[in-house]
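Note on naming: letters A, B, ... go to the chains in the order of the sequence lines (proteins, then strands), and numbering restarts at 1 for each one. The structure displayed is predicted, hence computed values, not measured ones.
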Number of protein chains: 2
Amino acid sequence: MTRPTPPTATLVRVTETRVERKERTRRAILDAALELCEESSLVALSLRQVAKEVGIVPTGFYRHFESIEELGLALVDESFASLRSMLRAVRQTDRFDGSFASIVDASVDILLEHVHAHPRHFAFIARERTAGQPSVRDAIRHEIELCELELATDIAKLPAVADDWSTDDLRILSGLIVTAMVSTAEQVISGHGRRAVEERTAEVARTQLRMVLIGALQWRSSQRS
Amino acid sequence: MTRPTPPTATLVRVTETRVERKERTRRAILDAALELCEESSLVALSLRQVAKEVGIVPTGFYRHFESIEELGLALVDESFASLRSMLRAVRQTDRFDGSFASIVDASVDILLEHVHAHPRHFAFIARERTAGQPSVRDAIRHEIELCELELATDIAKLPAVADDWSTDDLRILSGLIVTAMVSTAEQVISGHGRRAVEERTAEVARTQLRMVLIGALQWRSSQRS
DNA sequence: CCTTTGAGTGCACGGATGTACACCGAAAGT
DNA sequence: ACTTTCGGTGTACATCCGTGCACTCAAAGG
């Protein structure tokens, strides 16, 4: 695969600095781990399996990570970096005018695009969120909480949202939406690329989002009256 | 712990038939597995760990299960048996009059009660749902689908629900509710018994359920007009 | 009473795992 | 041109893993 060219093969001499090589091996380790743990979980993954997949000797692993756990935390960082770039895309998009329907459609579309772009990252988060080592779980939980907070402030900015919403209510609403979207991503991934499953899942997600958004508004106004 | 009395201790002679003893050991294995995999996942659990915890020799495990995977499937059965008993309780309860608020409050209360009664079962389902071996994942997914279907028919029977709801819409709504409730259970469990976390989670769950239910109705009527 | 059954034992094995240690050799630094 | 740095190597070892096999011995059953 993408194994780092062993020193003996430097006959080819593709001028590559030392830090570049190190970074390349690090990447290979991250990718190998992401792929290998796909059928179960990081906790069921051995250092030796990763090393073999990468094409280095087991002890070579320690040059990059102190343990599998540290590897996991690095993967959390990486996964959420890509997720945040998606959220930024949603936020800056001008694919919708301002109606709920168009916001929902654009958001679901972007979510699906990103799940396609980084399927292993999403799968990793979904899995380790509940099954990882405690430190990994906590890291993911914290990141998701940040996502919910960001979403809450975004919702507050929507023109259609009354300005008397409490921050608590915004948090609750965004929590519900995030939960539904995480579940949607999980279903798409577990659908294993089948177009029909995915289209169905997308349609369900759109409907659910509409129910939630319109419902929240209605509920809100009923609280006010 | 609850290890089966070894044959040598039969001096005590508590007249116990052979099948009773076998069943007791089987239970001990199930309990030990449920407890041991709590900090990670079934896939990261060895036959030997379970055997040691139970107090039998490793090969003794095979008298009860062919593999850890089969153990996992048995745990899925057991977990959902208890979950279904909860759902039956919700369905038959007369704790509410018929208003949405009382339905929501009663449902959330019963959910929390049951999470308290079977915390390991809920945690197991939440974990293995995404991180288990494929066969275990599939078994759980199937069971959850059944729960969604049952909930959909229950919702259809509510007096407040218009009778022109399509089965699709009912499925979508119940899927959303189940997702939110699974998430609620996960949060309660990860709160690790702290009363404050739990009360907060319950309140969030109630609010989310109200948003969803009232929202679905509003959305529905807006579709009709 | 004598036979059968079967849950649990004890040992032994080949293989995988994490990690310690000494080593290499090319790139980086001087 | 030299020394240093440091990814990556190779060997080695204690530990755990699943599992095969022959065994025990009390309950079940004729």
Side-chain angles (χ1 to χ4, degrees), chain A residues 1-30 32-33 36-37 39-72 74 133, chain B residues 1-30 32-33 36-37 39-72 74 133:
Chain A
M1 300 283 140
T2 31
R3 65 165 60 184
T5 316
T8 54
T10 328
L11 313 164
V12 196
R13 211 40 197 109
V14 267
T15 41
E16 188 183 29
T17 142
R18 206 137 91 164
V19 293
E20 281 171 347
R21 280 219 2 141
K22 173 156 188 179
E23 178 54 28
R24 193 150 63 91
T25 305
R26 191 188 138 95
R27 267 252 55 78
I29 292 176
L30 290 168
L36 285 173
C37 78
E39 294 294 286
S40 52
S41 161
L42 242 209
V43 294
L45 190 61
S46 73
L47 179 157
R48 283 179 116 103
Q49 283 175 56
V50 178
K52 183 188 284 186
E53 177 77 13
V54 172
I56 59 174
V57 94
T59 48
F61 178 90
Y62 294 113
R63 302 284 180 204
H64 303 272
F65 301 99
E66 208 179 48
S67 62
I68 292 281
E69 179 166 347
E70 196 183 296
L71 208 195
Q133 290 151 295
Chain B
M1 298 285 138
T2 32
R3 65 164 61 185
T5 316
T8 53
T10 328
L11 313 164
V12 196
R13 215 32 199 113
V14 266
T15 41
E16 188 183 30
T17 138
R18 206 135 93 162
V19 292
E20 281 172 348
R21 281 223 358 143
K22 173 156 188 180
E23 178 54 28
R24 194 150 63 91
T25 304
R26 191 188 138 96
R27 267 253 55 79
I29 291 176
L30 290 168
L36 285 173
C37 77
E39 293 295 285
S40 52
S41 161
L42 242 208
V43 295
L45 190 60
S46 74
L47 179 156
R48 284 178 115 102
Q49 284 174 57
V50 178
K52 183 188 284 186
E53 177 76 14
V54 172
I56 59 175
V57 94
T59 47
F61 178 91
Y62 293 115
R63 300 286 178 198
H64 303 272
F65 301 98
E66 208 179 47
S67 63
I68 292 282
E69 179 167 347
E70 196 184 296
L71 207 195
Q133 289 152 297

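For B/Glu70, the side chain to side chain contact (heavy atoms under 4.5 Å, CB included) test picks out B/Phe65, B/Glu66, B/Ser67, with sequence neighbours left out. The side chain to side chain donor-acceptor pair (under 3.5 Å) test applied to A/Gln133 returns no partner, not counting sequence neighbours. Looking at residues two or more places apart in sequence or on another chain, you find a side chain to side chain contact (heavy atoms under 4.5 Å, CB included) between B/Arg27 and B/Glu23, B/Leu30, B/Asp31, B/Glu78.
In the set D/dG7, D/dA26, C/dA27, the nucleotide with an atom closest to the side chain of B/Arg18 is D/dA26. Minimum atom distance to the side chain of A/Pro58 is reached by C/dT19, of the listed D/dG10, C/dG10, C/dT19. Nearest nucleotide to the A/Val57 side chain, out of D/dG10, D/dT19, C/dG8: D/dG10. Nearest to the side chain of A/Lys22, among C/dG18, C/dG8, D/dG7, sits D/dG7.
Inter-residue side-chain proximity for A/Phe61 and A/Val54 is flagged as unmet; no heavy-atom pair is nearer than 4.5 Å. Looking only at side-chain heavy atoms (C-beta outward), B/Arg26 and B/Arg63 stay at 4.5 Å or farther from each other.
What separates CD of B/Glu53 from P of D/dC16 is a distance of 16 Å, to the nearest Å. Distance CZ (B/Arg26) to C1' (C/dG8): 17 Å, rounded to an integer number of Å. Taking atom CZ of B/Phe61 as the reference point, atom P of C/dT9 lies 15 Å away to the nearest angstrom. For A/Glu66 and C/dG18, the CD to C1' distance is 14 Å, given to the nearest whole Å. B/Leu71 has its CG atom 12 Å from the P atom of D/dG18, to the nearest Å. Atom-to-atom, NE2 of A/His64 to P of D/dC6 comes out at 13 Å; the value is rounded to the nearest Å. Across the protein-nucleic acid pair, A/Ile56 atom CD1 and D/dG10 atom P stand 12 Å apart, rounded to whole Å. Here C/dG8 presents its C1' atom at 11 Å from CD1 of B/Ile29, a figure rounded to the nearest Å.
Considering only side-chain N and O atoms, B/Arg21 lies under 4.0 angstrom from the phosphate OP1 or OP2 of C/dG8. Phosphate contact (OP1/OP2 of C/dA28, side-chain N/O of A/Thr17, threshold under 4.0 Å): present. Between B/Thr59 and the phosphate of C/dG8, there is no side-chain N or O to OP1/OP2 separation shorter than 4.0 Å.
Counting only residues at least two apart or on different chains, the side chain to side chain donor-acceptor pair (under 3.5 Å) pairs with a member in residues 39-48 of chain B are B/Ser41-B/Glu128, B/Ser46-B/Gln49.
You won't find any donor-acceptor pair under 3.5 Å spanning the side chain of B/Arg63 and the base of C/dG6, going by distance alone.
No donor-acceptor distance shorter than 3.5 angstrom exists from the side chain of A/Glu53 to the backbone of A/Val50, with no hydrogens or angles considered.
Contact check of residues 41-51 of chain A against DNA chain C (heavy atom, cut-off under 4.0 Å) returns A/Ser46, A/Leu47, A/Arg48, A/Gln49.
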